[in-house]
Amino acid sequence: MNLMQPFSTYLDLESGVITPVDHVIRRHLSDMCHMYADESAAQRILETEGDRLIYEVYPVDLPEEEGQVLHSTTVLHPGRVGSEYHMTKGHFHVKRDRAEIYVGLAGEGCLLMQTGDGRVSSVKMARGIIAYVPPYWAHRTVNTGDVPFAFLAAWPGDSGHDYGTIETRGFAKILVERGGVPVFVDNPKYRIEDRERA
Ligand code: M6P
Ligand code: ZN
């Protein structure tokens, strides 16, 4: 048995920043412009204001293996691309039957979930809300507020991240601003799997 030493890290509950972390993952608009419904709005932002920081992930350094509980915080900055609110890329777990827990820390947003056969669900997130992502549901977060939306997440060590499925198919619903409030609309870029169409 390879015995690990117990340890702790520090989570700033106001900002969502964990210290120490080995490396902060920073996702900019250029990493995901094709994921927004209005790609020309994304291009305009890149040309006029440069490469906007959308979100940061602070992962506690742990081996990605069965038995571990991986955990990280995400700080999702406020803003929109066209009328669509800033969001994370979103992913399925490679092992689809692995669940995840989200705990809201600061700001407000939405946890958007979707199954492989296109069922959708969402949970409103704010400080103190614990959201459960059951096995088989892809998950993406959206910042619907004016301040950074921060949350803690924990998931089994052998889950793995499958980004490809969401990158090619997208989520069925997107969150856009209409008259100052967030509303769900159908994602014009959503692609149903061919076998579902048949
Ligand atoms: C949460 C967890 C992480 C994930 C991060 C950002 O912290 O679900 O596993 O990496 O959000 O989301 P994504 O990886 O989809 O960009
Ligand atoms: Zn996950």
Side-chain angles (χ1 to χ4, degrees), residues 9 11-13 15-19 21-36 42 51-66 68-79 81 84-116 120-123 125-127 129-144 148-175 187:
T9 50
L11 165 59
D12 183 316
L13 293 166
S15 67
V17 172
I18 292 179
T19 41
V21 284
D22 245 24
H23 66 291
V24 182
I25 300 163
R26 292 195 170 85
R27 303 272 192 227
H28 292 84
L29 182 57
S30 64
D31 299 317
M32 53 187 302
C33 24
H34 58 286
M35 292 187 144
Y36 288 96
D51 203 0
R52 191 188 274 183
L53 177 65
I54 308 282
Y55 63 103
E56 295 156 273
V57 181
Y58 296 82
V60 173
D61 189 29
L62 282 165
E64 296 196 18
E65 59 190 33
E66 188 182 355
Q68 303 286 353
V69 179
L70 303 181
H71 50 292
S72 66
T73 53
T74 299
V75 180
L76 182 50
H77 295 285
V81 175
E84 191 174 4
Y85 293 95
H86 281 182
M87 61 190 182
T88 58
K89 286 183 159 197
H91 59 270
F92 279 97
H93 290 153
V94 175
K95 292 194 175 169
R96 293 287 199 268
D97 63 353
R98 300 303 195 256
E100 185 156 344
I101 290 168
Y102 277 35
V103 183
L105 301 172
E108 59 190 271
C110 178
L111 168 59
L112 200 55
M113 289 164 282
Q114 177 167 313
T115 60
V120 293
S121 185
S122 67
V123 170
M125 294 293 296
R127 183 178 178 82
I129 304 276
I130 304 175
Y132 189 60
V133 182
Y136 302 106
W137 290 82
H139 33 291
R140 158 180 286 167
T141 44
V142 184
N143 185 342
T144 52
F149 165 39
F151 60 91
L152 171 72
W155 66 98
D158 61 347
S159 304
H161 287 75
D162 166 15
Y163 290 105
T165 308
I166 294 300
E167 260 163 28
T168 51
R169 294 178 53 197
F171 271 74
K173 298 281 179 187
I174 57 171
L175 264 165
N187 182 0

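Order of appearance sets the numbers: ligands from 1, and atoms from 1 within every ligand.
The nearest N/O/S atom of E100 to the Zn ion (ligand 2) is OE1.
Among all heavy-atom pairs drawn from V120 and A172, the shortest one is CG1-CB, 3.9 Å. Among all heavy-atom pairs drawn from I18 and Y58, the shortest one is CD1-O, 3.7 Å.
Taking the Zn ion (ligand 2) as the corner point, the angle from H91 atom NE2 to H93 atom NE2 is about 120° (rounded to 10 degrees).
With hydrogens and angles left out, the side-chain atoms of H77 and E56 include a donor and acceptor closer than 3.5 Å. With hydrogens and angles left out, the side-chain atoms of H139 and H91 include a donor and acceptor closer than 3.5 Å.
Proximity to A153 (heavy-atom distance under 4.0 Å) selects the following atoms of ligand 1: 1 (C), 2 (C), 7 (O). When each atom of ligand 1 is checked for a heavy atom of Y55 under 4.0 Å away, the hits are 6 (C), 13 (P), 16 (O). The contact set between ligand 1 and V57, taken as ligand atoms under 4.0 Å from a residue heavy atom, comprises 6 (C).
Annotation: G90 places an N or O atom under 3.5 Å from an N or O atom of ligand 1; distance criterion only. Considering backbone and side-chain atoms alike, H139 places every N or O at 3.5 Å or more from each N or O of ligand 1. Checked by distance only, ligand 1 and S72 come closer than 3.5 Å through their nitrogen or oxygen atoms. The shortest N/O to N/O separation between E100 and ligand 1 falls below 3.5 Å.
Side-chain contact between W137 and E100 is absent, with no heavy-atom pair separated by less than 4.5 Å.
A salt bridge does not link D31 with K89: every distance from a Lys NZ or Arg NE/NH1/NH2 to an Asp or Glu carboxylate oxygen is 4.0 Å or more.
Scanning the protein for heavy atoms near atom 14 (O) of ligand 1, the closest one is Y163 OH, 2.4 Å.
Note on H161: not counted as a metal contact of the Zn ion (ligand 2), no N/O/S atom lying under 2.8 Å.
In this structure a side-chain-to-backbone donor-acceptor pair under 3.5 Å is present from T73 to G16.
Closest heavy-atom approach to atom 11 (O) of ligand 1 among the candidates T74, T88, D31: T74.
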- Task: Show your working on side-chain hydrogen bond (donor to acceptor under 3.5 Å, both in side chains) between H86 and R52 and close with a plain yes or no.
- Result: CA-CA 11 Å; H86 281 182; R52 191 188 274 183; 2.9 Å; yes

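The aromatic rings of F149 and F151 sit tilted relative to each other, their planes meeting at an angle between 30° and 60°.
Of all the heavy atoms of H161, the ones lying under 4.0 Å from any atom of ligand 1 belong exclusively to the side chain.
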